[in-house]
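Note sheet for the following structure.
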Amino acid sequence: MKEDILHNLTIINDRIKTACERSGRDPGEVKLLLATKTVSAERIKTALEHRQTLIAENKVQELKEKYEALKDMPHENHFIGHLQTNKVKDILKYDVTCVQSLDRMDLAEKLHQRLSAEKKTIEVLIQVNTSNEESKFGIAPGDAAEFIRKVSTFPTLKIKGLMTIGLFSAETEKVRKCFKVLKNLQQEMIRENIPHVEMTELSMGMSGDLETAIEEGATIVRVGTAVFGARIYPDSYYWDEGKNNIEKL
Ligand SMILES: *Cc1c(COP(=O)(O)O)cnc(C)c1O
């Protein structure tokens, strides 16, 4: 089991390196983030013991359950799931350093309120729904610029870039289109040069499409199954929560 994880990490790092070489990029520009939903603390530990430093959960409940077991190991924790405003307190309590899934004003307001009270700041990425699928979270690409301008006025929220899930498809060119939407938005925002907004990070690409994402400029690829193996829950359980009904399960 442990050997599997280490073997998979080697393969993923090779894939990242090859994709970087093919697109003339430095592999040092692309961070590997481990998406650890449903993965036990024990297995996450194995990865952290082998040079991995960046992990992310989708649900506050899982963050909470694994926190004690992992807190003494050096690592950084991002949040990549749909975040309910009533869970903002927990995000801060469990040392999340970046919320990659900021996609609406009430969440930005709530984060700012709580952070102000605790005299803290947090990094955020703006999640964009580049595939225009009803079922996916994220702000519509056309509304993103205005949203970013508004969020930039909250001094506690440090905007670092953009995140997207993109289309789930075997057709590479359709997936690529989503990543291009994110990249174009990033370029547009860089030109606008909004005070206090950094647009350095593009979080896109997962187990199945990380090569395409790297070719289109990803600086963070989020990988779960290709390192830890298949999950029993369908991804819709994590992505559509509150949108589509999970009773379908
Ligand atoms: C689960 C998840 C990933 C990783 O997906 P895999 O296909 O398992 O690599 C990436 N991003 C988000 C937001 C996720 O929920």
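As the structure lists them, so they are numbered: ligands from 1, and atoms in each ligand from 1.
- The proximity of S207 to ligand 1, defined as any non-hydrogen pair under 4.0 Å, involves the side chain as well as the backbone.
- Taking every non-hydrogen atom of T225 and a distance limit under 4.0 Å, the qualifying atoms of ligand 1 come out as 6 (P), 7 (O), 8 (O), 9 (O).
- In summary, the atoms of ligand 1 found under 4.0 Å from a heavy atom of V223, numbered by their order in the structure, are 9 (O).
- Near N58, the atoms of ligand 1 lying under 4.0 angstrom from a non-hydrogen atom of the residue are 14 (C), 15 (O).
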Do any side-chain atoms of residues 41-56 form donor-acceptor pairs under 3.5 angstrom with protein atoms, and if so which ones, sequence neighbours left out?
residue	atom	partner	partner atom	Å
R43	NH2	F228	O	2.7
T46	OG1	E42	O	3.4
H50	ND1	T46	O	2.8

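- Every heavy atom of Q100 sits 4.0 Å or more from the atoms of ligand 1.
- Below 4.0 Å from some heavy atom of I80 lie the following atoms of ligand 1, by number and element: 11 (N), 12 (C), 13 (C), 14 (C).
- In terms of the ring pair (Phe, Tyr, Trp, His ring centres under 6.0 Å) criterion, residue partners of H112 (sequence neighbours excluded) are, by chain and number, F154.
- Within the 3.5 Å criterion, the main-chain N or O of T10 finds no donor-acceptor partner in the side chain of R15.
- No donor-acceptor distance shorter than 3.5 angstrom exists from the side chain of N129 to the backbone of G138, with no hydrogens or angles considered.
- Electrostatic pairing of E62 and K59 does not count as a salt bridge here, judged by no charged N lying under 4.0 Å from a carboxylate O.
- Heavy-atom proximity to G224, at under 4.0 Å, picks out these atoms of ligand 1: 4 (C), 6 (P), 8 (O), 9 (O).
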